[in-house]
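Below is one structure, written out as structure tokens; the observations come after it.
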Amino acid sequence: MPLAAPSSLLKVEEIQGRGRGMVASQPLKAGQIVLRDSPILLYSALPLITKSLSSSSSASTSCFCDHCFRTLPPSLQGVSASSTIFCPNCCHHRFCSSNCLSKALKSSHSSWVCQALSCLRANSLLLEQPHERQVQANFLIAAYNLANISPSDFQIMLSLQGSPDDSTIATAQFLHPLISSLCSLALVSPQNGLSLEHIAALLAKDKLNAFGIMQPFSVDDDQRSVRAYGIYPYASFFNHDCLPNACRFDYVDANPPDDGHNTDFIIRMIHDVPQGREICLSYFPVNENYSSRQKRLIEDYGFTCNCDRCNVESNWSDNESVEDNAEAEEEVMDEDQCETMEASDTDNHPHEDNNDFPHAYFFLKYMCDRTNCGGTLAPLPPQGDTPSHVMECNVCGKLKSDDTFDIDEGQDGASMED
Ligand SMILES: C[S@@+](CC[C@H](N)C(=O)[O-])C[C@H]1O[C@@H](n2cnc3c(N)ncnc32)[C@H](O)[C@@H]1O
């Protein structure tokens with residue numbers, strides 16, 4: 001079932017060598033919100049074993065609501081806190097409010113999900129499997145639950161890009177007997193049945209399209225973990241570029257409680273682009289080096305990136321980073337070029353004549369310089385025709401003026417990497 005156009009600002013087009021992509025239907029301005037998207041499916045990124053509230057559970061892996069994924073208030077975080085709101089049936093999953101519990105029992109934590117996850121937690125073979133495979137089991141339970149509660153959303157998920165590779169098929173072979181027995185016991189019956197191929201196809205959709213909702217940023221933590229994954233039907237059409245022109249913001253903890261939309265996210269333009277230009281996100285933090293980016297893109301997304309930045313960085317030595325090159329460039333630019341480049345910054349290419357690092361300006365202007373952050377900066381939305389000069393980081397939430405003068409230390413944010 002084709003999805004309707006996501007907004008009047010974007011259209012979905014076939015792009016040679018990339019499948020579908022999002023293209024600007026009109027000129028877009030820096031900071032402009034081009035998409036708001038809600039997840040059709042959310043599932044926990046925790047391995048099954050840490051869902052148990054045993055004494056070994058660490059606060060960092062179990063301190064959010066199992067329905068809306070908002071961080072639990074401190075009064076609800078302790079394992080024995082008297083006010084903790086548990087699922088009354090399994091006593092494993094906990095929620096931020098009775099409202100979330102009641103919504104969960106009708107949707108994300110239906111009685112079948114509750115029973116199925118309890119069975120998985122009792123399966124010693126699965127518990128011995130790597131974290132990633134347990135999370136894939138979480139995903140399949142959430143997906144087959146979706147097939148029952150919202151068949152049309154399940155069909156949308158099946159229509160996303162993704163075909164199984166060898167590792168996905170191996171995972172499907174392991175999980176198929178387990179998941180199909182759980183589904184048949186409870187008469188969960190998606191239209192296309194529960195074949196090995198169907199499970200492998202679902203896992204492939206998840207691998208290529210799921211967005212990670214990250215734990216809050218902390219300056220002491222360079223390995224932020226993912227708290228949940230979500231399938232966002234429109235955002236799934238954005239292709240990758242190592243120099244993106246848009247980025248994702250989410251506000252899982254900041255959006256109002258109980259509005260049911262705290263896991264929505266928005267895509268905002270980093271800089272102006274003309275009509276007809278493809279709008280791309282970076283699938284991970286922009287400061288990763290060339291070989292790490294290429295490895296992730298081929299292993300996780302099945303393609304080799306030929307973007308302008310990769311073409312330049314393929315000639316660098318492995319230990320050269322964008323930060324090193326950006327610092328060197330900054331000195332040159334400070335001397336004589338900044339003003340000229342500001343005036344011509346309508347796209348990513350204000351500095352084409354520098355063959356070593358033509359994209360230095362992107363990193364100086366749009367990469368967050370906070371320790372361990374790695375986020376991307378985009379301006380706040382324009383007010384009418386007036387552009388904002390305040391940049392917001394999509395990971396740490398830091399706000400700074402675009403002349404690089406800090407105006408505020410932001411709070412929690414989230415990134416688009418998984
Ligand atoms: C989330 S989907 C993006 C939308 C997808 N193109 C579609 O047709 O639905 C991710 C997949 O798109 C393709 N893709 C994304 N960025 C690409 C790029 N820069 N070059 C080639 N293929 C790309 C890859 O097949 C990748 O696994």
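Each ligand, and each atom within it, is numbered from 1 in the order the structure gives. These numbers come from a predicted model, not from an experiment.
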| field | Gly17: numbered ligand 1 atoms lying under 4.0 Å from its heavy atoms | value | 21 (C), 22 (N)

| Heavy atom of Cys305, distance to ligand 1 below 4.0 Å | no

| request: Examine ligand 1 and decide if any of its atoms is less than 4.0 Å from a heavy atom belonging to Asn209. | output: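 Yes, that is the case, since the closest heavy atom of the residue is under 4.0 Å from the ligand.
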
| message | Heavy-atom pairs closer than 4.0 Å: do any link ligand 1 to the side chain of Tyr301, the backbone, both, or neither? | response |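 Answer for Tyr301: both.
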
| Under-4.0 Å heavy-atom contact with ligand 1, by part of Tyr232 that carries it |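 Neither part.
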
| said: Using a 6.0 Å distance limit plus a 45 degree cone around the ring axis, check whether Arg227 lies over the aromatic ring of Phe69. | reply: no

| Within 6.0 angstrom of Glu132 CD, more than 12 heavy atoms from elsewhere | no

Protein contact to [atom] [nearest heavy atom, distance to 0.1 Å]:
atom: atom 7 (C) of ligand 1; result: Gln161 OE1, 2.8 Å
atom: atom 9 (O) of ligand 1; result: Arg20 NH2, 3.0 Å
atom: atom 14 (N) of ligand 1; result: Asn239 OD1, 3.4 Å
atom: atom 18 (C) of ligand 1; result: Phe303 CE1, 3.2 Å
atom: atom 19 (N) of ligand 1; result: His240 O, 2.9 Å
atom: atom 10 (C) of ligand 1; result: Tyr283 OH, 3.3 Å

| remark: Restricting to heavy atoms, the pick from Cys280, Ser236, Cys310 nearest atom 1 (C) of ligand 1 would be Ser236

| task | May I ask you to check whether Tyr229 and Phe211 place their ring centers less than 6.0 Å from one another? | result |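 Distance test on ring centres: not under 6.0 Å, no.
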
| query | Tell me, which pairs form a ring-ring contact (aromatic ring centres under 6.0 Å, His included) where one or both residues lie in residues 115-139, sequence neighbours left out? | reply |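 Every ring-ring contact (aromatic ring centres under 6.0 Å, His included) pair that includes a residue of residues 115-139, provided the two are not neighbours, is Tyr43-Phe139.
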
State, without any angle test, whether [X] and [Y] hold a side-chain donor-acceptor pair at a distance under 3.5 Å.
X: Ser282; Y: Arg293; result: no
X: Tyr251; Y: His261; result: no
X: Asn99; Y: Ser102; result: no

| request: Name the orientation class of the two ring planes belonging to His240 and Phe303 (parallel below 30°, tilted from 30 to 60°, perpendicular beyond 60°). | output: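 It falls in the tilted class, 30° to 60°.
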
